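These numbers were taken from a predicted model, which means no experiment stands behind them. The chains referred to below are lettered A, B, ... by the order of the sequence lines, with proteins before strands, and numbering in each begins at 1.
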Protein chains: 2
Amino acid sequence: MSSDADGAPARPGGRTARNTAAVLDATLAELGDSGYAGLTVERIAARSGVHKATVYRRWGGVDGLLAASLARSREDGWAPRRTGALRGDLAALGHEVVLGFTGSDLRSVPAAAISAAFQSDRAADALRAFFADRHERSAAVVTEAIERGEAPAGTDPCEVVRAAVAPLYYRLCVSREPVAAADVDRAARLAADAAGTGAFVPPAA
Amino acid sequence: MSSDADGAPARPGGRTARNTAAVLDATLAELGDSGYAGLTVERIAARSGVHKATVYRRWGGVDGLLAASLARSREDGWAPRRTGALRGDLAALGHEVVLGFTGSDLRSVPAAAISAAFQSDRAADALRAFFADRHERSAAVVTEAIERGEAPAGTDPCEVVRAAVAPLYYRLCVSREPVAAADVDRAARLAADAAGTGAFVPPAA
DNA sequence: CTCATAACGCGACCATAGTTGCACTAGTGA
DNA sequence: TCACTAGTGCAACTATGGTCGCGTTATGAG
């Protein structure tokens, strides 16, 4: 076989690289225009100038395109903001999450990926990897807080991050309720306070 | 016009009622077989014995079918389990949520609805209404806990419920991580403890 | 019972997502 | 520079989701 949807192409230079960039850029652009519901391979192919059959062969479909976009976005050097205190760091994280969902100029890639993950195992795997990466990067603000004495040693950093953002995702894509700034701050405060009392130290430790 | 997707049919007796029941039952059955990704009007029509065109006319598509199923499931008299203490009640709630997602015999209607809500405003509205109803019913365990003195008066009951289930939904459909029983219990404990310290009393009160 | 018509069944129809075989272009190693 | 072939473009094709017009059935009111 020549190339594979998940494996890297055996001849990654020149035209192939240009096509990859063009198609993934077009994917993001189409996503911004029509959202994931209106995402079609034909439109992406037309917009990128790459032929439809090529897109199907390399990525398999919209789910593969989204998985690739997610994987690429994992290499954008994202890092959490620092405010000097755990509660503020978590709140900043939360506001970023909400902005990513409601930003009108670019309908969120994460939102599209969450949607796609319900229909495709490939997208689900990509999403899992994406969030594992995000958790790992975000955990830095918690480990730093532990070093500052804001939380006891042994605290599970990822769990604190999850606690801070979960209520926001819950409102955004499960219960479909509006999210106010106060909701973000409350979730951050709750997570930070619980961390301070050692609530995220695993029982076995 | 005769009937509408959202409005009730003007002639709801006899055949129409039979068709409605047959189609919605077939929708749930198909959902159990193939999940939401493989849900198609043609198969539902074939399975129910109702003609494809009729289904499209009455429900508009799979999203309408799902919205109707959700609305119907809202009248099943669901109520939260009682264990005698807030933490146990919330944990029971959480375990039910997880079971609903992983139950293999019937791939969760909520999960399908969450997926559909990303693609259809109608499904999103139905989902919002569904969760508003669930929140309201679940809130009872919190108000009873307040009466027992487990949490201060003024505590927002729905917010406690959200805090208990949000981390589970987050793992199940956002970060796609496995959910262990310990995760459910931790979320319940966290929410109950925070409620006990008055963390869910709105600042203005 | 009778009648107007809401709701339905039916089949033909259109649009488009996704596939396939073939010819060709252009990376890549020698 | 040359040969090999991975990767691409192209166009025709299949499959199927969704629509439409029309004749038929049967509900509910009088």
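- Atom-to-atom, CD of A:Glu42 to P of D:dA11 comes out at 14 Å; the value is rounded to the nearest Å.
- Using a 4.0 Å cut-off, no side-chain N or O of B:Thr16 falls inside it from OP1 or OP2 of C:dA7.
- The side-chain tip of B:Arg74 does not point at the ring of B:Phe131 from less than 6.0 angstrom away and within 45° of straight on.
- Remark on DNA chain D: of its neighbouring residues A:Arg15 and B:Val62, the 5'-side contact belongs to A:Arg15, judged by nearest-heavy-atom nucleotide.
- A donor atom on one side chain and an acceptor atom on the other are found under 3.5 Å apart for B:Thr20 and B:Arg58.
- Between A:Trp59 atom CH2 and C:dT19 atom P the separation is 15 Å, expressed in whole Å.
- Between B:Asp193 and B:Arg87 there is a side-chain heavy-atom pair separated by less than 4.5 Å.
- Side chain of A:Arg58, nearest nucleotide from D:dG9, C:dC8, D:dT8: D:dT8.
- Rounded to whole Å, atom C1' of D:dG18 lies 15 Å from atom CG of B:Leu39.
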request  = With salt bridge (charged side-chain N to carboxylate O under 4.0 Å, His left out) as the test, would you mind laying out the steps for A:Arg186 and B:Glu159 before giving the verdict?
outcome  = CA-CA 10 Å; A:Arg186 181 180 345 101; B:Glu159 199 53 39; 2.7 Å; yes

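- Distance CZ (A:Arg57) to C1' (D:dT8): 7 Å, rounded to an integer number of Å.
- Distance from the side chain of B:Lys52 is smallest for D:dT19 among the nucleotides D:dT19, C:dC8, D:dG9.
- OP1 or OP2 of D:dG18 lies within a sub-4.0 Å distance of a side-chain N or O belonging to B:Tyr56.
- Residue-level contact check: A:Arg18 touches the backbone only, with heavy atoms under 4.0 Å from sugar-phosphate atoms and none from bases.
- Atoms NE2 (B:His51) and P (D:dT25) sit 15 Å apart, rounded to a whole Å.
- Checked against D:dG9, C:dA7, D:dT19, the side chain of A:Asn19 finds its nearest nucleotide in D:dG9.
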